[in-house]
Amino acid sequence: MDPCDRAAVVELARSSRTDLVVIGPEAPLVVGVADALRHAGIAVFGPDAAAAQLEGSKGFTKDLCRANGIPTASYVRAERAADAHVALAQFDIPVVIKADGLAAGKGVTVAMTRAEAEQAIDAAGDGPLVIEEFLEGEEASLFALVDGETAVPLASAQDHKRVGEGDTGPNTGGMGAYAPAPVLTAELRQRAMDEIVLPTARALAAAGTPFTGVLYAGLMLTARGPELIEYNVRFGDPECEAIMPLIEGDFAELLHAVATGRLAEIDPPRLSGEHSMTVIVAARGYPGTPAAGGAIRAIESAEQVEGVTVFHAGTAEGESGLVAKGGRVLAVTAVADTFANARARAYRAVDQIDFDDGFHRRDIGWRELEREQA
Ligand code: AMP
Ligand code: GLY
């Protein structure tokens, strides 16, 4: 079934008498699968198409921030390349050039020179762009559950977007993550809720397009405080795999409460207080064309390491066992009492896995490691 086919999803939910639909990726949200389910009277965790614009259009989000005083990089929207070239003159270098629509994490250029910025504009294919001020600081992600005007923080995490060690090479969907992100202190988290997440929820509710689901705020912790880099309208991948093992209580009930507008009535979400780390094992070639069909063995040994779960992201059953199918193949998650222990367990587990056509980053969590050693 095509998960973006609204009628087919509604029909499946009806015929299987599904109580709750949780929409994972952004594409079905942006095309209105949640709208269709809600219209059919089926509880759904995930925003309608109008609120999913927070992820679907960077220009929409920037305008919403500007109209509501939400801290974010200053910006100009440009409809075509020619306008973008003109607008570029008013920005200092470095500068950030973004395609307006969904680009699977690949639509952003942080240009270190004016020539690079000009090139990024020309490479964007004359579609709408956002040009914005470069923000300095450390990144952290805040996940909040939102149901209309009610928003509660769930967790924080830090992702590793670049394919190579030392954060080098092209952007990917994410090569590893850890949770929580201690750099987002309780005080900074409160500011991000008060100054960014809550005003966003209120603005959408006031516009008649309330948000339902998880709002993932990509933040830059600047000298001025937390500023919004981008929103996602879903749990990130691999952030999701890092966060889930930390959540206590009945998670389905939590999602159902959000889906049915009862978030304000229930106990706030609770985390275990442990730390987790996820290392992505990808197929050679990712984020370009990944090698398909490579054999994967010994996942059972990896799962014998204490606190470890191996999530399958791109695997299939081949004739003689498990094979790779897709770019990001496995998400190896470990939980422990401290960040350092979670990290050690995650790599011990990864080292058990026999996957010749795969690769992973050895330095997931390097910022946190440096902080602990400092
Ligand atoms: P986005 O897809 O908007 O999250 O952008 C991808 C990555 O580009 C972010 O995770 C940041 O590392 C970087 N980035 C985006 N916008 C900015 C900005 N205004 N200043 C500095 N870095 C940025
Ligand atoms: N890991 C980043 C994302 O899912 O968007």
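Order of appearance sets the numbers: ligands from 1, and atoms from 1 within every ligand. Throughout, numbering of the chain's residues begins at 1 and tracks the sequence.
For ligand 1, the polar-atom distance check against Asn171 finds no nitrogen or oxygen pair separated by under 3.5 Å. For ligand 2, the polar-atom distance check against Gly173 finds a nitrogen or oxygen pair separated by under 3.5 Å. The shortest N or O to N or O distance between Arg328 and ligand 2 is not under 3.5 Å. Checked against a 3.5 angstrom limit, the closest N/O atoms of Tyr216 and ligand 2 fall outside it. Among the atoms of Leu135, some N or O lies under 3.5 angstrom from an N or O of ligand 1. Here's the thing with Lys161: none of its N/O atoms is less than 3.5 angstrom from an N/O atom of ligand 2.
Listed by number with element, the atoms of ligand 1 under 4.0 angstrom from any heavy atom of Met220 are 21 (C), 22 (N). Every atom of ligand 1 with a heavy atom of Lys58 under 4.0 Å away is listed here by number and element: 1 (P), 2 (O), 3 (O). Every atom of ligand 1 is numbered from 1 in the order shown, and the set under 4.0 Å from a heavy atom of Lys98 is 3 (O), 15 (C), 16 (N). Of all atoms in ligand 1, numbered sequentially from 1 with element shown, those under 4.0 Å from a heavy atom of Glu132 are 16 (N), 17 (C), 18 (C), 19 (N). Close contacts between ligand 1 and Phe134 involve ligand atoms 20 (N), 21 (C) [criterion: under 4.0 Å to a heavy atom].
A 6.0 Å sphere centred on NE2 of His312 holds more than 12 heavy atoms belonging to other residues, nucleotides or ligands. The neighbour count for Glu187 CD, taken as heavy atoms of other residues, nucleotides or ligands under 6.0 Å away, does not exceed 12. Heavy-atom contacts from other residues, nucleotides or ligands closer than 6.0 Å to CG of Asp92 number 12 or fewer. More than 12 heavy atoms of other residues, nucleotides or ligands shown are found within 6.0 angstrom of CD on Glu372.
Checked by atom type, the side-chain pair Thr150/Asp147 shows no donor-acceptor distance below 3.5 Å. For the residue pair His360 and Arg362, a side-chain donor N or O sits within less than 3.5 Å of a side-chain acceptor on the partner.
Residues Tyr347 and Val279 form a side-chain contact, since some pair of their non-hydrogen atoms from C-beta on lies under 4.5 Å apart.
The residue from Leu255, Val258, Val44, Val214 that alone fulfils the side chain to side chain contact (heavy atoms under 4.5 Å, CB included) condition with Val22 is Leu255.
For atom 5 (O) of ligand 2, the closest non-hydrogen atom of the protein is Arg234 NH2, 2.8 Å.
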